[in-house]
Number of protein chains: 2
Amino acid sequence: MEAFLAVCRAIHPLSEGLEAELRRLARLETVPARTALLEPGSVAQRLYFLETGLVRGFYLKDGKEVTSWFMPEGHFVISILSFFSRQPSHEYLQTLAECRLWSLTHAQVQGLYRQFAEFNCIGRVLTERYYVLSEQRALDLRMLPAAERYARLLRDFPGLVQQVPLHLLASHLGITAETLSRLRARRAG
Amino acid sequence: MEAFLAVCRAIHPLSEGLEAELRRLARLETVPARTALLEPGSVAQRLYFLETGLVRGFYLKDGKEVTSWFMPEGHFVISILSFFSRQPSHEYLQTLAECRLWSLTHAQVQGLYRQFAEFNCIGRVLTERYYVLSEQRALDLRMLPAAERYARLLRDFPGLVQQVPLHLLASHLGITAETLSRLRARRAG
DNA sequence: ATCCGTTCTTGATAAATGTCAAGGGATGCA
DNA sequence: TGCATCCCTTGACATTTATCAAGAACGGAT
């Protein structure tokens, strides 16, 4: 809870009322690895803050899983498309390790926006921040060769290679597990 | 100007003070086709609202232009990465037709956020909205075959094919002009 | 200790797409 | 009118990556 509040506070001071509401509304849950936080067909109802653990988002393409992102602890976790557009998701959210999660419902978040003007500033800055990360990911996927994308993933998420199986990394990089395996063999990395 | 204000008003009512400031600060310019609004190396200083015309964003990859997006009239136009992260851009913004543009500097936008709490709500909702569009684009690029991406581009931007040369469309779809040409020959579209 | 499933690697082959090159057709300008 | 340029198409070929298949290495469960 403190980590979550600290992220908000770093953007804009929290009024007493807002902090109290956040503490009152936020729900804590601890879930084991390989738990689904969201499944296709349902509308994303909760905004999660990942205190500890690791989460990924993925889609199915021709029956196979394509990992769209990984999110480490200290970050917010949602399906952007479903949570913001209020449409049924095509995306899965899944824990990759035991996770400690704080969450608010979509309705609660909207209520906080109405009740506390300052919360709009926090929401705006957070949205901008994750938008930038998302654009950078999309750009990398588009502009860099697979080997370089792998190198950056290693740089940006050291330890991820130890935590998740290779085929998840491969699908995130936009290549098959076989291609990634050969890539590593060539570069001895 | 009215189109710009209408988009804002549809999200949150504008106080007299905010509307007056927007009218006072916003700068109008009319520029011919093929004008650069942003070039690599400089930090994006302005947030544009495109009243009429057509704009694209593109990068250079191995010396060749890769179009990352097109934006039609009635929309906001910025380099997300440069404007939000305040880093020198790698992206070009370029008009594809004569454009009528209203714009605010980054400093002006930040000032409005500080001065008018309601503006944070507008900024938040707009950021969410474009974030969703960006995610959907990235997802399409990743999950759909090239032919389907082309079909959707035709659907989402009817008229674009008449306005811009084929190789711009191709690079936006993530394929070469030759491949797109063959694709159209096969499907007779 | 053994069995079983998962992960990772490697090889052979196929499919998709890129690259290079050439040519036709439209457009604008001298 | 003629020329230059740009746009689009098509062909031949190279390259990249996927697909299919097999097997080795590892760990957990019984």
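Computed over heavy atoms, backbone and side chain alike; hydrogens, waters and symmetry mates excluded. A note on names: the letters A, B, ... follow the listed sequences, proteins ahead of strands, and every chain is numbered from 1.
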Original post:
Is the shortest side-chain N to carboxylate O distance from A:R46 to A:E29 below 4.0 Å?
Top reply: no

In whole angstrom, give the distance that lies between atom [atom1] of [X] and atom [atom2] of [N].
| X | N | atom1 | atom2 | answer |
| --- | --- | --- | --- | --- |
| A:L180 | D:dA18 | CG | C1' | 14 Å |
| B:I175 | C:dT19 | CD1 | P | 13 Å |
| B:D62 | D:dT16 | CG | P | 13 Å |
| A:Y150 | D:dT17 | OH | P | 16 Å |
| A:E178 | C:dA15 | CD | P | 17 Å |
| B:L144 | C:dA16 | CG | P | 16 Å |
| A:L183 | C:dC8 | CG | C1' | 14 Å |

Subject >> Among C:dT9, D:dC7, C:dC20, the one nearest A:L166 by side-chain distance >> reply: C:dT9

Subject >> Per B:T179 side chain, nearest of listed nucleotides D:dA18, C:dG18, D:dC7 >> reply: C:dG18

Original post:
Quick one: do the B:E91 and B:S82 side chains pair a donor with an acceptor below 3.5 Å?
Top reply: no

**OP:** Check the side chains of B:E65 and B:S171 for a donor-acceptor pair under 3.5 angstrom, ignoring hydrogens and angles.
**Re:** no

Whether [X] contacts [N] is assessed here as follows: a side-chain N or O lying under 4.0 Å from the phosphate OP1 or OP2. Is that the case?
| X | N | answer |
| --- | --- | --- |
| B:R184 | D:dT9 | yes |
| B:S181 | D:dC8 | no |
| A:T176 | D:dT17 | no |

Subject >> Any donor-acceptor N/O pair under 3.5 Å between C:dT19 base and B:R182 side chain >> reply: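 Counting by modelled atom types and ignoring angles, a donor-acceptor contact under 3.5 Å is found here.
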
Subject >> Same apolar cluster: B:L180 and B:L96, side chain cutoff 4.5 Å >> reply: yes

